[in-house]
Structure formats: C-alpha cells, structure tokens
There are 2 protein chains.
Amino acid sequence: MSRSNPRVLNTLERAGGFASAQEVYHLMQRAGESIGLTTVYRSLQSLADDKIVDVLRRDDGESIYRLCGDAHHHHLVCKGCGDAIEIPGGAIEKWAKTMAEEHGFRDVGHSAEIYGLCRKC
Amino acid sequence: MSRSNPRVLNTLERAGGFASAQEVYHLMQRAGESIGLTTVYRSLQSLADDKIVDVLRRDDGESIYRLCGDAHHHHLVCKGCGDAIEIPGGAIEKWAKTMAEEHGFRDVGHSAEIYGLCRKC
DNA sequence: ATGGAAATGAAAATCATTTTCATTTGTGCT
DNA sequence: AGCACAAATGAAAATGATTTTCATTTCCAT
Ligand SMILES: [Zn+2]
Ligand SMILES: [Zn+2]
Ligand SMILES: [Zn+2]
Ligand SMILES: [Zn+2]
C-alpha cells in the first residue's frame with residue numbers, strides 16, 4: 001500500500017524540520033534529483049496517512065510536513081523564523097479528555113500549538 | 001475604520017454557526033441580497049481583525065467565521081456534523097505561558113481545539 | 001518475452017483567496 | 001444644486017497551492 005516514494009521521505013529527513021511539498025520539491029531539484037511535483041504531493045500525503053509524518057498548516061494556508069517520533073507531542077512555533085520545537089502536552093492531555101467527556105464526545109483527539117517569537121527573532 | 005458591510009455581519013448572525021466566505025456569499029445571494037464576493041471577503045477579514053468574529057480553518061483549507069463573545073475560549077468540534085462548542089481553556093492557559101517562557105519565546109499566543117464525535121453522530 | 005498493475009509526471013483543472021482598477025456612492029463645502 | 005475628493009464596491013483577472021487527468025514508463029509475475 002505504500003504509495004510513497006522513498007526519496008521524498010529521505011529529503012524530508014535532510015530538511016531537518018518542517019517543509020512544504022513545494023519546498024521538498026525544490027530541495028530535490030537543487031539536489032539534482034529528478035521527480036515530479038505530483039509525486040511529491042502524493043508521497044507526502046501517503047506518509048501523513050500512515051502517520052509517519054506530522055502535518056501542520058501555516059497561516060498562509062500551505063501545508064507543512066515533518067518526520068515525527070511516535071510519541072504524542074505538541075509544537076511551539078516561531079512566527080518569525082518558522083522554527084518549531086516539540087513540546088509535551090502536560091496538563092492539556094487531561095483537559096482535552098475531561099472536556100470531551102463532559103460533552104459526551106467520543107473518538108476524541110486534539111491539537112494545540114503555541115505561537116510566539118523565539119530568542120533569535 | 002469599519003470596512004465591514006453590516007449586511008455581512010447580519011448574514012453571519014443568521015447563519016447561526018460557522019460559515020465560510022463562500023457560504024455567506026451564497027446565503028446572501030439566495031436571500032436576494034446583492035453583494036460582491038470581494039466585499040464579503042473584505043468584511044469578514046475586517047471583522048476578524050476587529051476580533052468580532054472568530055476564525056477557524058477547516059481541514060480542506062477553507063476559512064470559517066463565526067460571531068463570538070469577547071472572552072478568550074477554545075473549541076470542541078464534532079468531526080461528524082461540524083458543530084462546535086465553546087469551551088474554556090483551563091489548564092492550557094498556564095501550560096502555554098510556561099512552555100513559552102521555558103524556551104524564551106515572547107509575544108505568545110496559542111490555539112487549541114478538541115475533535116471528536118458528538119452524541120448525535 | 002508478454003500482459004497487466006502500479007508508479008510517474010506534465011499539463012490542465014480546481015478553487016479559495018487576493019489584487020487590480022474602473023465605477024459608484026457618500027459626505028462636506030460653496 | 002454643483003463640485004471635489006475619499007471611501008466602498010464588485011467584476012474580472014491574477015495568484016498559488018493542491019488535485020485531477022491521462023498518456024507513458026517501470027515493475028513483476030507468469
Ligand atoms: Zn524565530
Ligand atoms: Zn496532546
Ligand atoms: Zn456531531
Ligand atoms: Zn487559551
């Protein structure tokens with residue numbers, strides 16, 4: 001079922017942090033690798049479906065992807081340089097569960113991100 | 001400074017919950033009101049700037065707006081019917097502040113949402 | 001080698017949102 | 001009323017990421 005091109009995953013690894021489909025595509029171009037934008041999109045989507053990469057959406061609407069560990073975590077994102085730090089959810093894990101139960105929700109997940117300016121910015 | 005067309009706000013009121021710019025536009029069309037899509041966009045944006053409406057982004061990337069009280073809050077969203085309930089942030093507020101300070105971030109904000117299936121779905 | 005399935009990618013299509021810009025509307029002044 | 005000037009409007013074009021189409025290429029099992 002793996003529709004993902006391994007070179008895409010490899011490039012995302014090299015990218016080190018978050019990268020959009022367009023960025024991955026250009027990285028591969030600059031590296032002299034021949035690939036189509038379509039395949040990059042398909043691969044990233046597949047990786048996301050398989051929970052191998054993390055998907056976030058930037059304010060400008062562009063989706064960004066990043067390899068992520070299997071542990072549940074959240075992000076502290078810099079509005080300036082775009083750097084993202086993985087952080088533990090701590091107290092909000094219980095908060096989410098409590099809130100959901102309180103309103104009779106099941107099959108519950110949550111998202112939480114913190115935005116700010118890092119020291120460098 | 002109000003660049004917002006009052007009829008747009010009025011329509012969002014009638015909509016009752018979240019609505020996208022496109023949806024507001026079509027609601028107004030169906031109601032026989034003459035307005036341009038551009039004005040709808042401009043008005044919603046202005047309302048968002050003025051913190052009069054709440055902006056969320058759907059998974060498909062479309063921005064949705066809703067009238068909201070002035071109090072800071074979060075959302076419990078049903079993946080089935082799209083219903084959203086306003087909930088207090090509780091533990092999150094301190095979590096965000098602590099995490100940000102710990103990493104030297106300033107000018108900090110946060111977003112947090114809980115997704116699940118409501119009783120009806 | 002042969003046939004069919006899966007993968008690929010160039011080009012076109014989609015679609016929300018933004019930008020442009022010419023026109024209309026509103027407001028104050030004479 | 002007549003005029004000037006700013007703000008608001010909206011049609012049409014531009015933007016830009018993502019998706020779809022579809023013809024071609026690559027894989028793989030027989
Ligand atoms: Zn930074
Ligand atoms: Zn969490
Ligand atoms: Zn529901
Ligand atoms: Zn909060």
Side-chain angles (χ1 to χ4, degrees), chain A residues 1-12 15 17-67 77 79 82 84 111 113, chain B residues 1-13 15 17-67 77 82 84 111 113:
Chain A
M1 265 300 166
S2 170
R3 326 201 156 290
S4 164
N5 183 315
R7 285 168 22 246
V8 169
L9 181 54
N10 188 47
T11 304
L12 197 56
F18 281 103
S20 68
Q22 305 277 345
E23 286 160 358
V24 167
Y25 173 69
H26 288 120
L27 276 175
M28 298 182 77
Q29 297 258 294
R30 264 178 262 147
E33 296 190 60
S34 166
I35 197 163
L37 184 54
T38 314
T39 301
V40 173
Y41 271 106
R42 273 195 284 243
S43 294
L44 289 175
Q45 212 162 302
S46 166
L47 289 169
D49 287 347
D50 296 349
K51 306 273 170 68
I52 294 169
V53 302
D54 218 14
V55 189
L56 237 63
R57 201 182 278 269
R58 281 199 309 234
D59 279 345
D60 66 1
E62 199 167 350
S63 291
I64 51 182
Y65 308 80
R66 163 166 95 159
L67 270 177
V77 186
K79 290 185 283 192
S111 77
E113 286 142 41
Chain B
M1 268 297 169
S2 170
R3 324 199 158 291
S4 163
N5 183 315
R7 283 167 22 244
V8 169
L9 181 55
N10 188 47
T11 303
L12 198 55
E13 237 162 18
F18 280 103
S20 70
Q22 306 277 346
E23 286 161 357
V24 167
Y25 174 67
H26 288 120
L27 274 176
M28 296 182 78
Q29 297 258 295
R30 265 178 260 146
E33 297 190 60
S34 166
I35 196 163
L37 184 54
T38 313
T39 301
V40 173
Y41 272 105
R42 271 195 286 246
S43 293
L44 289 175
Q45 215 162 297
S46 166
L47 289 170
D49 288 346
D50 296 350
K51 307 273 170 67
I52 294 169
V53 302
D54 219 13
V55 189
L56 236 61
R57 201 184 279 267
R58 280 199 308 231
D59 280 345
D60 67 358
E62 199 169 349
S63 292
I64 50 180
Y65 308 81
R66 163 167 96 158
L67 271 175
V77 187
S111 77
E113 286 144 39

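Residue numbers begin at 1 in each chain, while the letters A, B, ... track the order of the sequences. All values derive from a computational prediction rather than experimental measurement.
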### Message
Could you tell me how far apart B/Asp60 (CG) and D/dA17 (C1') are, to the nearest whole angstrom?
### Response
13 Å
### Message
Under 4.0 Å from OP1 or OP2 of D/dT18: is there any side-chain N or O of A/Ser63 that close?
### Response
yes
### Task
Sequence neighbours left out, what passes salt bridge (charged side-chain N to carboxylate O under 4.0 Å, His left out) with B/Glu33? Give chain and number order.
B/Arg7, B/Arg14
### Query
Rounding to a whole Å, what distance do you find between A/Arg57:CZ and C/dT17:P?
11 Å
### Task
Using five pairs at either end of the helix from C/dA1-D/dT30 to C/dT30-D/dA1, determine the angle between the two local helix axes and round it to 10 degrees.
10°
### Task
To the nearest Å, give me how far apart CD1 (B/Ile35) and P (C/dT24) are.
18 Å
### Message
To check you understand the geometry: which heavy-atom pair defines the closest contact between A/Leu44 and A/Val53, and what is its length?
### Response
O-CG2, 4.1 Å
### Query
For the atom pair CG (A/Asp54) and OH (A/Tyr65), what is the distance rounded to the nearest 0.5 Å?
11.5 Å
### Query
For DNA chain D, which residues in residues 36-45 of chain B have a heavy atom at a distance below 4.0 Å?
B/Gly36, B/Thr38, B/Thr39, B/Arg42
### Message
Counting the atoms with a prime plus P, OP1 and OP2 as sugar-phosphate, which does B/Ser20 contact under 4.0 Å by heavy atoms, base, sugar-phosphate, or nothing?
### Response
nothing
### Message
Could you tell me how far apart A/Arg7 (CZ) and C/dA7 (C1') are, to the nearest whole angstrom?
### Response
12 Å
### Task
Under the side chain to side chain donor-acceptor pair (under 3.5 Å) rule, collect the residues that match up with A/Glu62, sequence neighbours excluded.
A/Ser20, A/Arg58
### Message
Taking B/Arg57's backbone N and O only, do any of them form a donor-acceptor pair with B/Ser63's side chain (distance below 3.5 Å, no angle check)?
### Response
no
Return a table of donor-acceptor pairs under 3.5 angstrom between the side chains of residues 25-32 of chain A and protein atoms on other chains or two or more places apart.
residue, atom, partner, partner atom, Å
A/Tyr25, OH, A/Gln29, NE2, 3.4
A/His26, ND1, A/Gln22, O, 3.0

### Message
Test side chain to side chain contact (heavy atoms under 4.5 Å, CB included) on B/Phe18 and B/Leu56; report intermediate values, then the result.
### Response
CA-CA 9 Å; B/Phe18 280 103; B/Leu56 236 61; 3.8 Å; yes
#### Entry: Euclidean distance, atom OH of residue B/Tyr25 to atom P of D/dT9 [Å, nearest integer]
15 Å
#### Entry: Options D/dT18, C/dT17, C/dT8, nucleotide nearest the side-chain atoms of B/Glu62
C/dT17
### Summary
From CG of B/Leu47 across to P of D/dA8 the rounded distance in Å is 13 Å
### Spacing between A/Arg3 atom CZ and C/dA6 atom P, to the nearest angstrom
8 Å
### Query
When the distance from NE2 of B/His26 to P of C/dC15 is rounded to whole Å, what number comes out?
12 Å
### Test log, rule side chain to side chain contact (heavy atoms under 4.5 Å, CB included), inputs B/Leu67 and B/Glu13
CA-CA 7 Å; B/Leu67 271 175; B/Glu13 237 162 18; 3.3 Å; yes
### Task
Report the residues that fulfil salt bridge (charged side-chain N to carboxylate O under 4.0 Å, His left out) with B/Arg42, sequence neighbours left out, ordered by chain and then residue number.
none
Distances for protein N or O near nucleotides 25-27 of chain C N or O, under 3.5 Å:
none

## Note on the structure
With sequence neighbours left out, the residues meeting salt bridge (charged side-chain N to carboxylate O under 4.0 Å, His left out) with B/Glu113 are none
### A/Asn5 vs C/dT8: side-chain N/O to OP1/OP2 distance below 4.0 Å
yes
### Message
Keeping B/Ser4 on the side-chain end and B/Ser46 on the backbone end, is there a donor-acceptor pair under 3.5 Å?
### Response
no
### Summary
Rounded to the nearest 0.5 angstrom, the CD-CD1 distance for A/Glu23 and A/Ile64 is 8.0 Å
